[in-house]
Q: 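What follows is a single structure, and I will ask about it in a moment.
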Number of protein chains: 2
Amino acid sequence: MKPKITLKDIAKELDVSISTVSKALKNSKEISKETKDKIKAFAKFYNYRPNNIALSLKNKRTKNIGVVIPDIVHHFFTTVFRGIEKYANEMGYNVIVCISDESFDKEVINMEMLANGSIDGFILSLSAETQKKNDFTHLKELLDQGIPIVLFDRISAEIDCDKVVLNDFEIAREAVSHFIATGSKKIALITTERYFNVSESRKEGYVAALKANEIEVDNRLILTLPHDRDNTNLITEFFQHNEIEAILCVNEMFAVQCMSIIQQLGYAVPEDISIIGFTDGILSRYSSPKLSTIAQHGEKMGELAAKLLINRMESVQMVEEPFKTEVINATLIKRGSTIN
Amino acid sequence: MKPKITLKDIAKELDVSISTVSKALKNSKEISKETKDKIKAFAKFYNYRPNNIALSLKNKRTKNIGVVIPDIVHHFFTTVFRGIEKYANEMGYNVIVCISDESFDKEVINMEMLANGSIDGFILSLSAETQKKNDFTHLKELLDQGIPIVLFDRISAEIDCDKVVLNDFEIAREAVSHFIATGSKKIALITTERYFNVSESRKEGYVAALKANEIEVDNRLILTLPHDRDNTNLITEFFQHNEIEAILCVNEMFAVQCMSIIQQLGYAVPEDISIIGFTDGILSRYSSPKLSTIAQHGEKMGELAAKLLINRMESVQMVEEPFKTEVINATLIKRGSTIN
DNA sequence: TATCAACACGAAACCGTTTTCGTAACTTTT
DNA sequence: AAAAGTTACGAAAACGGTTTCGTGTTGATA
C-alpha cells in the first residue's frame with residue numbers, strides 16, 4: 001500500500017518549498033535546471049499526479065459535466081449518452097450521469113446535488129413528469145447562477161438555453177408522405193401520451209402530410225398507448241376495428257409489436273400494410289422483415305450537445321453569445337416494412 | 001445572475017466569523033439561539049449550499065464512484081449500470097461513467113484520470129482488449145494505492161478484489177439439459193471469441209451437460225462468430241451443413257439472428273429447432289416466437305456491485321475484510337422458442 | 001472578593017494546488 | 001565600489017469548507 005503522493009511530500013523529501021516543486025513540475029523558468037531535474041525525477045519515480053479536487057477548488061472548474069436523462073435502458077438515450085461521453089472525453093471532461101426515471105423530484109434533487117460544485121454544466125432531457133408539470137424553476141435557477149445547460153430532445157420553449165432537437169415534424173411528414181406516395185391512404189398513427197413536445201411535433205407532421213395530400217384526418221386512426229403496460233389487446237382491437245394500409249409508430253417497440261400482431265392477423269408486411277417506426281435501434285434491425293425506421297442519430301445529437309456545452313463553458317467572454325437551437329436531421333431508412 | 005453564496009459571504013454580511021456561520025448551520029450548541037436563527041434565516045434566504053468540492057478536499061472523499069464499462073449500447077451493461085446508479089444514488093453517491101470501448105488504453109487512461117481524487121472507488125467490467133492482453137497492472141496499482149475496486153461479469157482471477165459474477169457455467173448447463181430433457185441431442189453452441197471468461201464458462205457448462213448425458217461433444221456444432229460483422233452467411237452455412245435440433249447462443253442478437261435464418265430455411269421454431277439465448281433484453285421479448293432466454297439480472301448485479309463497493313469504502317476499519325466474490329443466479333426464462 | 005465554570009464566539013490550521021510577490025545572493029554595469 | 005539587474009527560490013494568499021483550540025465576558029460559587 002503506497003498512498004498518493006502530494007507536492008508537500010515531495011517538498012519535504014527534497015528539502016525545498018512546495019512552490020518550488022509546483023513550479024518545477026510546470027517547467028517554470030524560475031527554477032534552475034538541476035532543481036527541476038531532481039524534482040521531476042522524484043515525481044516521476046513516485047508517480048506523482050496532481051489532485052483533481054484541489055485543482056477544481058483552485059480553478060473553480062471541475063471538468064465534469066452532468067448528464068440527466070429520464071431513462072438509460074432506452075436505445076435512443078443510450079446512443080445520445082455515448083455521443084456525449086465520447087466528445088466530452090476527447091475534450092478532457094468526465095461525465096456524471098443521473099437518471100431522473102421520469103420523475104420531477106429526482107430530476108430536481110439530482111441537479112441541485114450536482115450543481116453545488118460537482119459539475120461545470122448540464123446536458124439534460126426533461127423527465128415526463130417535469131414536462132407534465134411544466135415547472136422549470138430548478139432549471140431557471142441554475143441558469144441564473146451562471147451554470148450553463150444544454151437541453152436535448154425533450155425540451156421546452158420556456159427555458160432559455162442552448163438546445164438540440166430532431167426535426168420531428170418534418171421527418172414525420174416525410175414518412176407519411178412516403179406512405180402516400182406508395183399508394184396508402186388509410187394511415188394510422190400510433191403514439192404515446194408521454195413524450196410531449198416530441199410526440200406532438202410528430203403528430204403535427206403526420207397531420208400536415210395528410211392535409212397536403214387532401215386526405216382527411218380521421219381521429220379513429222390515431223391510437224394513443226400508455227407506455228409501460230402490455231398493449232397487445234389494445235393494438236389487436238385497433239386493427240380489427242379499422243381498415244389500415246400504413247402505420248407510423250413513434251417508437252420501435254410499438255412498431256415491432258404492431259408488425260407482429262398484424263402478421264398474426266394474417267396481413268402481409270409490407271404488401272397489405274406498411275410500417276415505419278422511430279429509432280433505428282436493435283429491434284428495427286433484427287425484426288423480419290427489417291423495419292423501415294427513422295434514424296434519430298442519437299450519437300450525433302449527443303456530440304453536438306456536448307460541443308455546445310463545452311463551447312459555452314470555455315468561451316472566455318461568457319457574456320453575450322446568444323443561445324442556439326441546433327436541429328439534427330433525422331433520416332428515413334427504408335427497409336423491409338415499406339414499399340420502396 | 002446571482003452567483004453561489006459562500007460561508008465567507010454570509011459571515012461578512014452578518015458580521016460574524018466564518019467559523020460561527022459554519023457551526024450555526026450545523027446547529028452546534030456552541031452558538032446562541034439568536035445567532036443561529038439569524039444565520040439560518042439568512043442562509044435559507046440566499047439558498048446557501050456547501051460546496052461539494054471544498055467538502056471533498058477537506059474530507060478526502062468525494063462521494064463519487066467511477067464506473068468503467070466496455071460499452072453502453074448493450075442491454076446487459078445498461079441494466080447493470082442502472083442498478084449501480086440506483087443504489088449509489090440512494091446512498092448519496094454520484095456516478096461517473098467512462099466507456100472503455102473495449103480498448104485497453106482507454107480503460108487505463110480513464111481510470112488514472114479518475115483515480116487522482118475524482119472518485120472514491122471503481123466498479124468495472126474488463127474491456128475485451130484488457131482480457132486479451134491479460135495485463136492488469138493499472139488495476140493492481142490502484143488497489144495498491146488503497147482505492148477499492150469491484151469487478152463484475154468480465155473479471156480475472158489475477159485481480160484481488162471484490163467481484164460479482166453470473167453462474168454462467170451452471171446456467172448454460174441447465175439450458176442444455178433442458179434441451180436434452182425435451183428430446184434434443186444435436187445441440188449447437190453459438191459463441192463469441194471476445195468475452196473470454198464469460199463465454200468460456202458457458203462453453204464449459206454446455207460441454208458438461210452433454211457429457212452428463214453421454215452425448216459426444218462435436219466441435220463442428222460449435223460456431224464461433226466475430227462480434228461486429230454481419231454473420232448472416234456464416235450462420236446460414238452452419239445450418240445448411242449441420243443437422244441441428246437445438247441451439248444455445250451466448251447473446252440475444254445471435255439468437256434472434258439464428259431464429260430468423262432458421263425460419264427462412266423452412267424450419268419451425270421450436271418444433272424443429274429450439275433456441276435459448278443469453279440476456280433477457282428487448283430483442284428476446286419482441287421476437288416471434290418470443291425467445292426463451294437466460295436472464296442475467298443485470299440490475300441486481302449492479303446493485304450488488306455498488307453495495308459491495310460502498311460497504312468497503314465506508315467500513316471504518318478498512319483493513320482486513322477479506323474480498324468476496326458474489327454469484328448472481330441467472331434464470332432460464334422459458335418462452336416460445338423452446339419446448340417446455 | 002477572588003476563583004471558576006459556562007457560554008458564545010473568533011483565530012487559525014488543514015485539505016492540495018497555483019500564483020503573486022518578496023528577497024537573498026550573485027552578476028553586471030558604471 | 002556603489003547601483004542596478006538577474007537568478008533561484010520561499011512565504012503567503014487564495015479556493016470553501018470543518019474543526020480544534022483559545023479567549024473575553026458572564027454568572028455562580030467559595
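Order of the sequence lines fixes the chain letters, A, B, ..., with proteins taken first and strands second; residue numbering starts at 1 for each chain. Since the model is a prediction, treat every value here as computed from it, not as a measurement.
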Q: So, OP1 or OP2 of dT18(C): does either fall under 4.0 Å of a side-chain N or O from Ser22(A)?
A: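 Yes, Ser22(A) has a side-chain N/O under 4.0 Å of OP1/OP2 on dT18(C).
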Q: Name the orientation class of the two ring planes belonging to Phe42(B) and Tyr46(B) (parallel below 30°, tilted from 30 to 60°, perpendicular beyond 60°).
A: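 Judged by the thresholds at 30° and 60°, the geometry between Phe42(B) and Tyr46(B) is tilted.
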Q: With heavy atoms of chain B within less than 4.0 Å as the criterion, where does contact along DNA chain D begin and end?
A: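 The protein-touched segment is dC15(D) to dC21(D).
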Q: If you compare every side-chain N and O of Thr35(B) against the phosphate oxygens of dC9(C) (OP1, OP2), does one of them come in below 4.0 Å?
A: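 Yes.
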Q: Using a heavy-atom cut-off of 4.0 Å across all strands, would you classify Lys58(B) as base, sugar-phosphate, or nothing?
A: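 It contacts base atoms.
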Q: When you measure from the side chain of Asn116(B) to the backbone of Pro50(A), do you find a donor-acceptor pair of N or O atoms at a distance under 3.5 Å?
A: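 Answer holds: no.
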Q: Check the distance between dC9(C)'s C1' and Glu34(B)'s CD and give it to me in whole angstrom.
A: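 Atom CD in Glu34(B) sits about 13 Å away from atom C1' in dC9(C).
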Q: Within residues 48-55 of chain B, find the residues that approach DNA chain D with a heavy atom at under 4.0 Å, and present them sorted by residue number.
A: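 The stretch gives Tyr48(B), Arg49(B), Pro50(B), Asn51(B), Ala54(B), Leu55(B) as the residues lying under 4.0 Å from the strand, ordered by number.
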Q: What is the distance, rounded to the nearest whole Å, between atom NZ of Lys38(B) and atom C1' of dC9(C)?
A: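 Distance, rounded to whole Å: 11 Å.
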Q: According to a strict under-4.0 Å criterion, is Lys33(B) in side-chain N/O contact with OP1 or OP2 of dA8(C)?
A: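 Looking at the OP1 and OP2 atoms of dA8(C), neither is under 4.0 Å from any side-chain N or O of Lys33(B).
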Q: So, is Lys8(A) near the phosphate of dC15(C), with a side-chain N or O under 4.0 Å from OP1 or OP2?
A: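 Yes, such a contact exists.
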Q: Between C1' on dT23(C) and CD on Glu30(A), what's the gap in Å once rounded to a whole number?
A: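 Answer to the nearest Å: 12 Å.
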Q: When you compare the side chains of His138(B) and Glu112(B), does any donor N or O come within less than 3.5 Å of an acceptor on the partner?
A: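 Judged by distance alone, the side chains do not pair up.
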Q: Between Ile5(A) (CD1) and dG16(C) (C1'), how many Å, whole number?
A: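 To the nearest whole Å, that distance equals 13 Å.
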